[in-house]
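These notes concern the structure reproduced below.
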There are 2 protein chains.
Amino acid sequence: MMRTPRRAPRSDALENRARIIEAAHAAFADAPSASLQAIARAACVGQGTMYRHFPDREALLLAVYRDELAVLAAAAPLLLHEHEPLDALRRWLERLAAEGRLTGGASQAVAAATRAGRHHPPIVAALDLLLNAGKEARQVRPDAEAEEVLLLGSSLWRGDGGPSCPDRSRRMLTVIIDGLRAGTPH
Amino acid sequence: MMRTPRRAPRSDALENRARIIEAAHAAFADAPSASLQAIARAACVGQGTMYRHFPDREALLLAVYRDELAVLAAAAPLLLHEHEPLDALRRWLERLAAEGRLTGGASQAVAAATRAGRHHPPIVAALDLLLNAGKEARQVRPDAEAEEVLLLGSSLWRGDGGPSCPDRSRRMLTVIIDGLRAGTPH
DNA sequence: ACCTGAACACCGTTCAAGT
DNA sequence: ACCTGAACACCGTTCAAGT
């Protein structure tokens, strides 16, 4: 399997790419459903260029929120250093939910990261780290898997906006954490 | 609060409504993203008529899957009659997940039912029944609420299609049920 | 009272033509 | 090698005109 030796991309291509990401970041921030066409317009770029760099909306989302997601992933080992494994897991899921609630775009990006089955994205790796630490400490059930927990966790900030939403998310998280505990009856 | 005495709708309106629902049912079955325009075409109905009957996609979805959702809701008391409360709850969530997996349209309808904050739809009432029975039997934690559990449950069939999905759903359900148990530590 | 279908403003996607 | 922008086939939504 030869690693294809890509030559360095042209400088204008890099600049366009950066401008697209910047424009998309702003657009997604105040309207998660912003159209790719509008983003191309804001970035002063032809539609074709948009497509060359990002073949679909999901690719753009992951590129735009790449840094945010990386920060979130990096938080896992830090939390693990300061808290008991199960507690670190709870706090990390809290941060995930907060991120998802913050901007519509980020929540879409996390959803995209969950769906991406090809390579494990950093988020899945981070959650894996937390779960494994919990298993070794006999605090987390041995059959828990990252993708499942991520799927459950991504429901924490969905359907937000209702009247009872501040407590709701907290209670849901309690259910998830207690469900992941090792040694529950039956 | 006077109950406005609506006069009976015209017969052609009723027929159109029925034809739209029928066409939509078929369309959603093999493509959850079917366009309203295509459905209107298949139902031999102008676009305006579509809008008169169903102001948006969500309204159409709920109308199309009204019967399926009612059947699902009606299953709750039956399950409760044949099984222990917590077991009935688990089986009902299994059925919910199966329904969501079956056709893309149904899963959208359940999602819509979850979002609909206005009146409690039958699904929420059914889940309420199960949870209350569980609480009285001291099997379910007293602070569990239907909308939250529905939100968690609706993640059971999301992200399906991956390689490990048959077991995954089962394990996720186990986490939810164990998390809902009364008397978990801490 | 209800229906029709043209019309409007958009969308994602493609692709010949440019540099 | 990369970009541009017109063009294509669609979409949801509205609304004058019909019956």
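What's counted below: heavy atoms across the whole structure, side chains too, no hydrogens, waters or symmetry copies. Residue numbers start from 1 in every chain, and the chains themselves are labelled A, B, ... in the order their sequence lines are given, proteins ahead of strands.
Rounding to whole angstrom units, CE of residue B:Met50 and C1' of D:dT14 are separated by 15 Å. Look at CZ on A:Arg19: it is 13 Å from C1' on D:dC2, rounded to the nearest Å. When rounded to the nearest whole Å, the span between CD of B:Gln37 and P of C:dC10 equals 17 Å. Atom CD of B:Glu15 is separated from atom P of C:dT4 by 12 Å (rounded to the nearest Å). The separation between B:Leu36 atom CG and D:dT13 atom C1' is 10 Å, rounded to whole Å. Remark: P of C:dC8 and OH of B:Tyr51 are 17 Å apart, rounded to the nearest angstrom. Rounding to whole angstrom units, CD of residue B:Glu58 and C1' of D:dT13 are separated by 17 Å. At whole-Å resolution of the value, CZ in A:Phe54 and C1' in C:dG12 are 16 Å apart.
With hydrogens and angles disregarded, a donor-acceptor distance shorter than 3.5 Å links the side chain of A:Arg141 to the backbone of A:Gly179. Proximity of a side-chain donor or acceptor of B:Glu148 to a complementary backbone N or O of A:Arg171 within less than 3.5 Å is not detected. Panel note: side chain A:Glu99, backbone A:Leu72; no donor-acceptor pair is recorded below 3.5 Å.
Between A:Asn16 and D:dC3, a side-chain N or O to OP1/OP2 separation shorter than 4.0 Å is present. Remark: A:His53 is not in phosphate contact with D:dC2, judged by side-chain N or O atoms under 4.0 Å from OP1 or OP2.
In DNA chain D, the stems built from three or more successive Watson-Crick or G-U pairs (distances below 3.5 Å) are C:4-8 with D:12-16, C:12-16 with D:4-8.
Residues B:Leu36 and B:Phe54 are not in side-chain contact: their nearest non-hydrogen atoms beyond the backbone lie 4.5 Å or more apart. For the pair A:Leu127 and A:Leu89, the minimum side-chain heavy-atom distance is below 4.5 Å.
For A:Asp12, whose side chain is taken as the heavy atoms from C-beta onward, the closest listed nucleotide among C:dC11, D:dC2, D:dT14 is D:dC2. Of the candidates C:dC2, D:dG12, C:dG12, C:dC2 carries the atom nearest the B:Arg52 side chain, counting heavy atoms from C-beta on. Listed candidates were D:dC11, D:dC2, C:dC11. Nearest to the side chain of B:Arg41 is D:dC11. The listed nucleotides are D:dC3, D:dG12, C:dT4; the one nearest the side chain of B:Arg57 is D:dG12. Nearest nucleotide to the A:Thr49 side chain, out of D:dC3, C:dG12, C:dC3: D:dC3.
Ranked by how close their nearest DNA chain C nucleotide is to the 5' end, A:Ser35 and A:Gly48 are led by A:Ser35. Along DNA chain C, the nucleotide nearest to B:Arg17 and the one nearest to A:Gln47 differ in position, and the one closer to the 5' end is contacted by B:Arg17. The residue among B:Asp56 and B:Arg10 whose nearest nucleotide of DNA chain D lies closer to the 5′ end is B:Asp56.
Evaluation of the side chain to side chain donor-acceptor pair (under 3.5 Å) rule for A:Asn132 yields no partner, not counting sequence neighbours.
Crowding of B:Arg66 atom CZ: a count of heavy atoms from other residues, nucleotides or ligands under 6.0 Å not exceeding 12.
For the atom pair B:Glu147 CD and B:Leu152 CG, the distance stands at 12.5 Å (nearest 0.5 Å).
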